[in-house]
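One structure below.
Both ligands and their constituent atoms are indexed starting at 1 by order of listing. These numbers come from a predicted model, not from an experiment.
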Amino acid sequence: MAMTAIIEIRDLSYSYGDGTLALKDINISLEEGCKVALVGPNGAGKSTLMLMINGILRPSSGEVFFAGRPLQYDAASLRAVRRAVGMVFQNSDDQLFAPTVYQDIAFGPTNLGYPAEKVKRYVGFALQYVGLSGYERRPPHHLSGGEKKRVAIAGILAMEPQVMILDEPTSNLDPASSEEIMEMLDELNQGGKTMIISTHDVDLAYRWADEIILIKDGELVRRGCGPDVFMDGNLLREARLKPPLVVDIYQELASRGILSGSRPPRNILELCDLLQPEGRGRPLGKIYIWDVDGEDEVQVISMIDRMENCYKGAMGTGAKLLAERCGIHLDFTYGVIDKCILKALIGKDALIMTSGGMVEHTMKRISDYSRESGAEIEAVRIQRP
Ligand code: ADP
């Protein structure tokens, strides 16, 4: 089946009113469901490009297509495209404006003409998804940076977008909040949404994105998977970027002859495997996977008590919130699958609590790893009778 690009940008250039040429002859085609990072230094044109994709800015020349159709710039067409292509701004204060969280998230669906009851349902769903049920009456400007970002995301989710564009989604967030937001974006991507972020954080882009689009001085200078883009030292220097830390370490070890291989590791797990490729010499631990959607606190606590000797991690907003409500100490709250595989490799068992339909993804990641590495890690799905 031929795939139509969900977003296509053809020969696009853009100059701001003051004559600044911000984008030059950009051509990009993105497939539905992809997970892409626009990477480049400050002023490269990332934000400008994002504003083109959902029609907030109109190209000086060239065209943007959504699902095969060129964007039209009349009010009705723009409303339709902004609903399908939701944009989360870098600074949440530019996005949140209503006196309460509820009103903020309700703004989009209300404008779409949904009846009050449907608006309420959508807002409730979106708030639950981002883990902020109960925040309806709070004023957005009193929330923490991470909470504001969640409200902004909820406001977009309430309109059921196909594509989400997030400009520097983790800027100004602390590390834990950043990881939580990125995991949420992963979860949404697993659910089928196309995700486009911009960032100058190379570690984040390398770890998270399937594909990198490198932009510099308004031009697209490279498009490819993380290893292709981030192994090219000259390219990175020219773009005022540095390699991701794990690539940097890999290159240093390779230059000393400690490691070899043509592809850099994507993460710490792969780095450890390169350093200790075979003969781990000890029995492997197991990874238990438990979909906790629909479980109540009593069940969770009693199960956790029986798994005392396991490392514990939670993936997905629902699972994390449930763990918190149950007072469970979590060893891992981000990069959970890889961390549990690392533990299994040294013979320790681990339990992953998942929510939001992440079970299949987790099982697959572990079986893919086992196949590729030859380390047969047993993934056990917990199913209560
Ligand atoms: P990035 O998001 O990669 O930091 P931007 O898209 O914000 O880059 O900016 C690209 C270029 O356009 C920069 O030279 C910037 O100074 C310029 N620019 C951005 N916004 C405006 C504006 N409103 N008016 C004039 N120039 C702008």
Evaluation steps, ring-ring contact (aromatic ring centres under 6.0 Å, His included), between Phe332 and Tyr334: CA-CA 6 Å; Phe332 313 125; Tyr334 66 89; 9.0 Å; no
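Distances from atom 7 (O) of ligand 1 to the heavy atoms of Ala44, Gly43, Ser47 put Ser47 nearest. Closest heavy-atom approach to atom 12 (O) of ligand 1 among the candidates Ala22, Gly45, Ser198: Ala22.
Atoms of ligand 1 found under 4.0 Å from any heavy atom of Pro41 (numbered from 1 in listed order, with element): 3 (O). Near Thr20, with a cut-off below 4.0 Å to any heavy atom, the atoms of ligand 1 are 12 (O), 14 (O), 17 (C), 26 (N).
Under the ring-ring contact (aromatic ring centres under 6.0 Å, His included) criterion, the residue pairs touching residues 201-250 are Tyr206-Phe230, with sequence neighbours excluded.
At most 12 heavy atoms of other shown residues, nucleotides or ligands fall within 6.0 angstrom of atom CD1 in Ile268.
Contacts between Thr48 and ligand 1, counted as non-hydrogen atom pairs separated by less than 4.0 Å, involve both the backbone and the side chain.
Counting only heavy atoms, the protein never gets under 4.0 Å from atom 15 (C) of ligand 1.
When only interatomic distances are considered, the shortest N/O to N/O separation between Asn42 and ligand 1 does not fall below 3.5 Å.
Residues Gly313 and Val336 come closest through the heavy atom pair CA-CG1, 4.0 Å. Lys242 and Val202 make their closest contact through O-CG2, 3.2 Å (heavy atoms, listed as atom of the first residue, atom of the second, distance).
Taking the six-membered ring where the residue is Trp, Phe125 and Tyr129 present tilted rings, their angle falling between 30° and 60°.
Closest to atom 27 (C) of ligand 1, if we only count protein heavy atoms, is Tyr16 CD1, 3.3 Å.
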